[in-house]
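Below is one structure, written out as structure tokens; the observations come after it.
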There are 2 protein chains.
Amino acid sequence: MEPTPHILVVDDEREIREPLAKYLVKNGLRASIAAGGVDARKEIKTSAIDLVVLDIMMPGEDGLSLCRHLRETTDIPVILLTAMAEDTDRVVGLEIGADDYLTKPFNPRELLARIKAVLRRARSVPRPREAMEGERLRFGGWVLDMNRRELIGNDGVAAPLSTAEFKLLAVFLQRPGIVLSREQLLDLTSGRGAEVFDRAIDNQVSRLRRKVEADPKNPVLVKTVWGGGYMFTAEVEQVS
Amino acid sequence: MEPTPHILVVDDEREIREPLAKYLVKNGLRASIAAGGVDARKEIKTSAIDLVVLDIMMPGEDGLSLCRHLRETTDIPVILLTAMAEDTDRVVGLEIGADDYLTKPFNPRELLARIKAVLRRARSVPRPREAMEGERLRFGGWVLDMNRRELIGNDGVAAPLSTAEFKLLAVFLQRPGIVLSREQLLDLTSGRGAEVFDRAIDNQVSRLRRKVEADPKNPVLVKTVWGGGYMFTAEVEQVS
DNA sequence: GAAAACTTGTAACGAAATGTGCCAGGCCAG
DNA sequence: CTGGCCTGGCACATTTCGTTACAAGTTTTC
């Protein structure tokens, strides 16, 4: 029933992040990797990341800075990896808002236990992440009410949306102008990974188009990116 | 304003628990002490403890046992103190449900940081409001009187609610905008776990809709989330 | 104290939502 | 221009949900 948690491992050293990701996958989690702050931000925007494992010492954007950013803009839990065993570093890390930290070198089994512990705590908290983004979003001739889960036309008439349609539309509206692969959409809508040759998203996009596009044969809002996925192309503005 | 968090320090050694409690008080927290499992249970029963700092190695009742008990019967966060730095011990502690742990000897400042981190997380969990008694909640075109267990329409006419219907509605009103699974609803309304394929909640929701929804075929207040459960979608405000 | 009224859980069936298989047609590389 | 890969959309299978009917338990009424 619960979708498999999706972990993002951020470390500049490939010899660390790749085996670590593999280890997590082998132990029943899903895992993505990022080599630095830029990659990490992109991944978080386009995937449904449930937890970030973050090396504190990285070239380019510092780990602490990324951690601070995550804490300010999301509720995604963070576990820090630190090379030094200094008390001060630990305290700074926790004070900045990390949920836990580990000192390198660490036992992968312990990291796994901590990930599960943090997730267990986080899972009990209903995540207001997306719903908080905006209460009502206007696009094309429509307004999507995120709280009431309703799509309202310019004439004020509500168009009924199924759960999957609503979720898919919400994902698009929160990421306009960004190409989203089928796998990313599947992750963002239902939290699961893609099976081999998964056409579920195609179908949902088709159904969504039938409801929101004036001419479903010539989609204007949700464009197909050949070989890439789908992209929402329209202004999205917040409505009070 | 937030009340000062109340910490319970459980350790069999007086040279540890007393200075520790003093240190916490000096740093803006309230602290109580207990020398063992029996004291600790009594203290938790009679005080509003917000967090427990617990030595894992104690004569009499073991720390782990107390931790497990706390996890099963309360939501109070636990930070474990362990004498050994063994990986396995750490893992066991986290798996048993502790929120964090520290290895002795530890830096008091670090313990303080961790206490604050755990409290910050715990506080963000929307705890079901306690003083719900004597309140009246307005939603849609209705007012639910929690005292009289009555549902009053905008025309002032009371609609009779059965016990289960009232309980279900109250649960929804206390958690608007949150998807509640069938299992959660069953737990919150009648305190029991879900049997295999329990459709009792579906029925209750259906009955509730028939009473509160203007058009039960197109529910506006209680929306169903396909594959997820149900969600109350409407503003809830208190009425004096 | 017994019958009637009401409540609530269980079963069952049809309806709705969603995923999968398939094929025709579109898009791109060579 | 042609073959291969990708997408759109239909039909169908599967899962999940809404509603009704009914039975068992509970409260009320006389």
Side-chain angles (χ1 to χ4, degrees), chain A residues 1-3 149 151 159-171 179-213 215-231, chain B residues 149-151 158-171 179-231:
Chain A
M1 200 62 247
E2 288 279 344
R149 310 194 131 214
L151 181 64
L161 283 182
S162 79
T163 304
E165 287 162 357
F166 168 78
K167 198 77 183 71
L168 180 61
L169 183 54
V171 164
V179 179
L180 295 166
S181 72
R182 277 158 234 282
E183 186 172 354
Q184 288 172 327
L185 287 168
L186 214 49
D187 184 18
L188 290 165
T189 52
S190 51
R192 62 174 184 149
E195 304 298 315
V196 271
F197 254 43
D198 208 324
R199 305 295 309 280
I201 286 293
D202 296 61
N203 222 325
Q204 288 299 347
V205 168
S206 176
R207 283 165 178 147
L208 180 60
R209 278 176 175 160
R210 238 170 286 166
K211 288 200 179 174
V212 301
E213 297 277 4
D215 178 12
K217 293 278 182 186
N218 292 63
V220 174
L221 301 174
V222 180
K223 290 246 168 87
T224 302
V225 179
W226 206 88
Y230 297 95
M231 177 166 83
Chain B
R149 306 202 141 208
E150 266 181 354
L151 182 64
L161 282 182
S162 79
T163 308
E165 286 163 355
F166 169 79
K167 199 77 183 68
L168 180 61
L169 183 54
V171 164
V179 179
L180 295 166
S181 71
R182 282 166 225 296
E183 190 174 349
Q184 286 175 314
L185 287 169
L186 214 48
D187 185 20
L188 290 168
T189 52
S190 53
R192 63 173 181 150
E195 304 298 315
V196 270
F197 250 47
D198 208 324
R199 303 284 312 276
I201 286 293
D202 296 58
N203 223 320
Q204 289 299 349
V205 169
S206 178
R207 284 166 177 145
L208 181 59
R209 277 176 176 160
R210 226 171 296 164
K211 290 198 178 174
V212 301
E213 296 277 3
D215 177 11
K217 293 277 181 187
N218 291 61
V220 172
L221 301 174
V222 179
K223 294 249 165 89
T224 123
V225 179
W226 206 92
Y230 297 94
M231 171 173 162

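Below, chains carry the letters A, B, ... as their sequence lines are ordered, and counting in each starts from 1.
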Can a side chain N or O of [X] be found less than 4.0 Å away from OP1 or OP2 on [N]?
X: B:S162; N: C:dT8; answer: yes
X: A:Y230; N: D:dC6; answer: no
X: A:T224; N: D:dG8; answer: yes

d([atom1], [X]; [atom2], [N]) in whole Å:
X: B:F166; N: C:dT8; atom1: CZ; atom2: P; result: 13 Å
X: B:L185; N: C:dG9; atom1: CG; atom2: C1'; result: 16 Å
X: A:K167; N: C:dT18; atom1: NZ; atom2: P; result: 13 Å
X: B:K211; N: C:dC6; atom1: NZ; atom2: C1'; result: 10 Å
X: B:E213; N: D:dT19; atom1: CD; atom2: P; result: 10 Å
X: B:D198; N: C:dT8; atom1: CG; atom2: C1'; result: 12 Å
X: B:E165; N: C:dG9; atom1: CD; atom2: P; result: 11 Å
X: A:I201; N: D:dC6; atom1: CD1; atom2: C1'; result: 16 Å

| Most 5' of B:L161 and A:T163 on DNA chain C, judged by nearest nucleotide |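 The residue whose closest nucleotide sits nearer the 5' end is B:L161.
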| query | Is the shortest heavy-atom distance from the side chain of A:Y230 to the side chain of A:R209 under 4.5 Å? | reply |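 Result yes, sub-4.5 Å side-chain heavy-atom pair found.
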| query | Looking at side-chain heavy atoms only, is the closest gap between A:R149 and A:L161 below 4.5 Å? | reply |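 Contact flag for A:R149/A:L161 side chains = no.
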| message | With a 3.5 Å distance limit and no angle check, can you tell me whether B:E213 reaches the backbone of B:R210 through a side-chain donor-acceptor pair? | response | no
| task | Ignoring hydrogens and angles, tell me if any N or O in the side chain of B:S206 forms a donor-acceptor pair with the backbone of B:D202 under 3.5 Å. | result |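 No, the answer is negative, given that no donor and acceptor are paired below the 3.5 Å cut-off.
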| request: Go through the steps for A:E165 and A:R207 under the test salt bridge (Lys or Arg N to Asp or Glu O under 4.0 Å), then give the verdict. | output: CA-CA 8 Å; A:E165 287 162 357; A:R207 283 165 178 147; 5.9 Å; no
| field | Partner residues of A:K223 under the side chain to side chain donor-acceptor pair (under 3.5 Å) criterion, sequence neighbours left out | value |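 For A:K223, no residue satisfies side chain to side chain donor-acceptor pair (under 3.5 Å) once neighbours in sequence are set aside.
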| field | Working for salt bridge (Lys or Arg N to Asp or Glu O under 4.0 Å), residues A:D198 and A:R182 | value | CA-CA 8 Å; A:D198 208 324; A:R182 277 158 234 282; over 6 Å; no
Can you check nucleotides 9-15 of chain D for protein contacts, nitrogen or oxygen pairs under 3.5 Å, and list what you find?
{"residue": "D:dG9", "atom": "OP2", "partner": "A:S206", "partner atom": "OG", "Å": "3.4"}

| message | Which nucleotide wins on minimum distance to the side chain of B:R182, given the candidates C:dT18, D:dT7, D:dC17? | response |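 Within the option list, the nearest is D:dC17.
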